[in-house]
K.L.:
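Next up is a structure, given as structure tokens.
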2 protein chains.
Amino acid sequence: MQEPLDVLIAKLASIGRLLPEYETAIRQLPIRVSQLDRGDDAVMEGQIMGHCCVVIEGLLQRHKHMQDGSRQILSFHPAGDIPDLQSLHLRKVDYTLSATTPTTIATIRHSDMQAMLRKHPGLTDLFWRDTLVDAAKFLTWMMLIGQASAEARMAHLFCEMFMRLKSVGTIDSFEFPFKVTQSDLADALGMSIVHANRTLQELRSAGLLIFASGQAEILDWPRLSELGQFDPAYLHLADE
Amino acid sequence: MQEPLDVLIAKLASIGRLLPEYETAIRQLPIRVSQLDRGDDAVMEGQIMGHCCVVIEGLLQRHKHMQDGSRQILSFHPAGDIPDLQSLHLRKVDYTLSATTPTTIATIRHSDMQAMLRKHPGLTDLFWRDTLVDAAKFLTWMMLIGQASAEARMAHLFCEMFMRLKSVGTIDSFEFPFKVTQSDLADALGMSIVHANRTLQELRSAGLLIFASGQAEILDWPRLSELGQFDPAYLHLADE
DNA sequence: GAACCTGATTAACCTATGTGAATCGGTCTT
DNA sequence: AAGACCGATTCACATAGGTTAATCAGGTTC
């Protein structure tokens, strides 16, 4: 039977050992499911949070703005992610979470979460681990944005999304939906929209990747991951 | 009386509420103090860790390398930081920690740390919070490296170091030691050595900042923090 | 089905930053 | 004190990627 938090269970299982009793505890969490349209904010920079959210279906993006209005997308969050789990201990958030596509989320009150974690120290460790994996991705992205070419960054992003979606069982083929615009890609990779377009065309004409109207198809995984210097170790997946 | 872990106590107090019983527990942790020369590695990418380290004195840097050998410095860690606390739950580290200057560190076994945290859930939360603050810095740096000009990034780095050193009581004036080379700065900010040099000169001739032979002096804090778009909120300091 | 959007694409041009290489100035070594 | 380094600095030149703006294509609205 499909329950909303199934995706969270799958996500946690992908990064660590999830005991049956933990699974039970998670399923007993009171949640409130809600629906976001593209562009809606789930969390806004500066807000003081009393709850956090699980992506049930769709895609959220975490981003931050400079004074001049330019936007850096920090991460994409497909189903299973808890993109604002940090708010449990950093109540005032310093980023904005918006829906990249129409998205369903489940919100969990911090107090309920905390009660559960106090009861299960091992589960605390697993959630802690989740925030650490989240942080580990930033290390890699900082390196890429600071040092890698536009082509390498673009390649890496698609490799990462593929691997993450596969690890939680959302997809099982090299062709998968990734409903972002070229402008989103540009803002995520720290490049201009025009250059994002140029870069995608280079990858396409090199026969590595096709991306059009929200659909990605990886044509040559070995060469794409080579170009993107993609080594999945930083995702700290459990099954390896 | 000066004890090695005093700096850790000060650091934790700077980001949250540290109860007296926690302080006692921390002071009872068995530690092994050791000395690093400039360039020595405390932790190497790929290592499986059974312990983590506290910087007692000096400066460590966390960095990662690309295949072509280029290096991205991800963060600097002055006294009080536990730069590899993540290893508690991500045993295999995906970065290297090296001494930027001669540095004293104290190592703590994971098992001792874990025993302490199991006994004090509130302290677990505080250490968890520390790793989250660490991660929050990366969000900001990703935005800066992706979107900000070389000048803004350089300005921001000095603002951050000043604020962090001040918050743990290591310094109390706008003139402070920051023993890095221009090459370190370049690798931290994702720019070439030559451009780091140019940028420092611009900041100097604008009367904002002097940096020479490991000594920084902020001449005009209002304008420097304005230029660097520095808002200390992302450091999540307790006293605000 | 005309007007409108939003996102993709192209072109022409511009600039911030990178590269390579030479010079300079301390400081450590022998 | 003569090398030998390492880091800082300068210069000349190269280029990845940014900017602006125009056009195109598909979908939506009334």
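Bear in mind the structure is a predicted one, so any value in this text is a computation, not a measurement. Throughout, protein chains are lettered first and strands after them, A, B, ... in sequence-line order, and every chain is numbered starting at 1.
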K.L.:
I'd like a table of atom pairs between the protein and nucleotides 14-16 of chain C - only N or O on both sides, under 3.5 Å - with the distance next to each one.
P.N.:
none

K.L.:
In terms of side-chain geometry, is the basic nitrogen of Glu160(B) or Arg164(B) positioned less than 4.0 Å from the acidic oxygen of its partner?
P.N.:
yes
K.L.:
Between atom CD1 in Ile193(A) and atom P in dA21(D), what is the gap in whole Å?
P.N.:
15 Å
K.L.:
Can you tell me which residue pairs pass the side chain to side chain donor-acceptor pair (under 3.5 Å) test with a partner in residues 39-58 of chain A, sequence neighbours excluded?
P.N.:
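Pairs touching residues 39-58 of chain A that pass the test: Asp41(A)-Ser98(A).
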K.L.:
Check the distance between dT9(C)'s C1' and Gln182(A)'s CD and give it to me in whole angstrom.
P.N.:
8 Å
K.L.:
Taking all non-hydrogen atoms of both residues into account, name the closest pair between Thr199(B) and Glu151(B) and its distance.
P.N.:
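The pair with the smallest heavy-atom distance is CG2-CA, 3.6 Å.
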K.L.:
Does Asp84(B) come within less than 4.0 Å of Arg62(B), counting only side-chain N to carboxylate O?
P.N.:
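Salt bridge flag = no for Arg62(B) with Asp84(B).
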K.L.:
Compare every heavy atom of Met66(A) with every heavy atom of Ala148(B), then report the nearest pair and how far apart it is.
P.N.:
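Minimum heavy-atom separation between Ala148(B) and Met66(A): CB-CE, 3.7 Å.
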K.L.:
Arg204(A) CZ to dT9(C) C1': how many Å, rounded?
P.N.:
10 Å
K.L.:
Check nucleotides 10-13 of chain D for protein N or O atoms closer than 3.5 Å to its own N or O atoms and list the pairs.
P.N.:
| from | atom 1 | to | atom 2 | distance (Å) |
| --- | --- | --- | --- | --- |
| dT10(D) | OP2 | Gln201(B) | OE1 | 2.9 |
| dT10(D) | OP2 | Gln201(B) | NE2 | 2.9 |

K.L.:
Do Phe178(B) and Phe76(B) make the cut of ring centroids closer than 6.0 angstrom?
P.N.:
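Yes, the ring of Phe178(B) comes within the 6.0 Å limit of the ring of Phe76(B), centre to centre.
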K.L.:
Would you confirm whether the ring centroid of Phe162(A) sits within less than 6.0 angstrom of the ring centroid of Trp221(A)?
P.N.:
yes
K.L.:
Answer yes or no: is there a donor N or O on one side and an acceptor on the other, between the side chain of Gln147(A) and the main chain of Arg71(B), under 3.5 Å?
P.N.:
yes
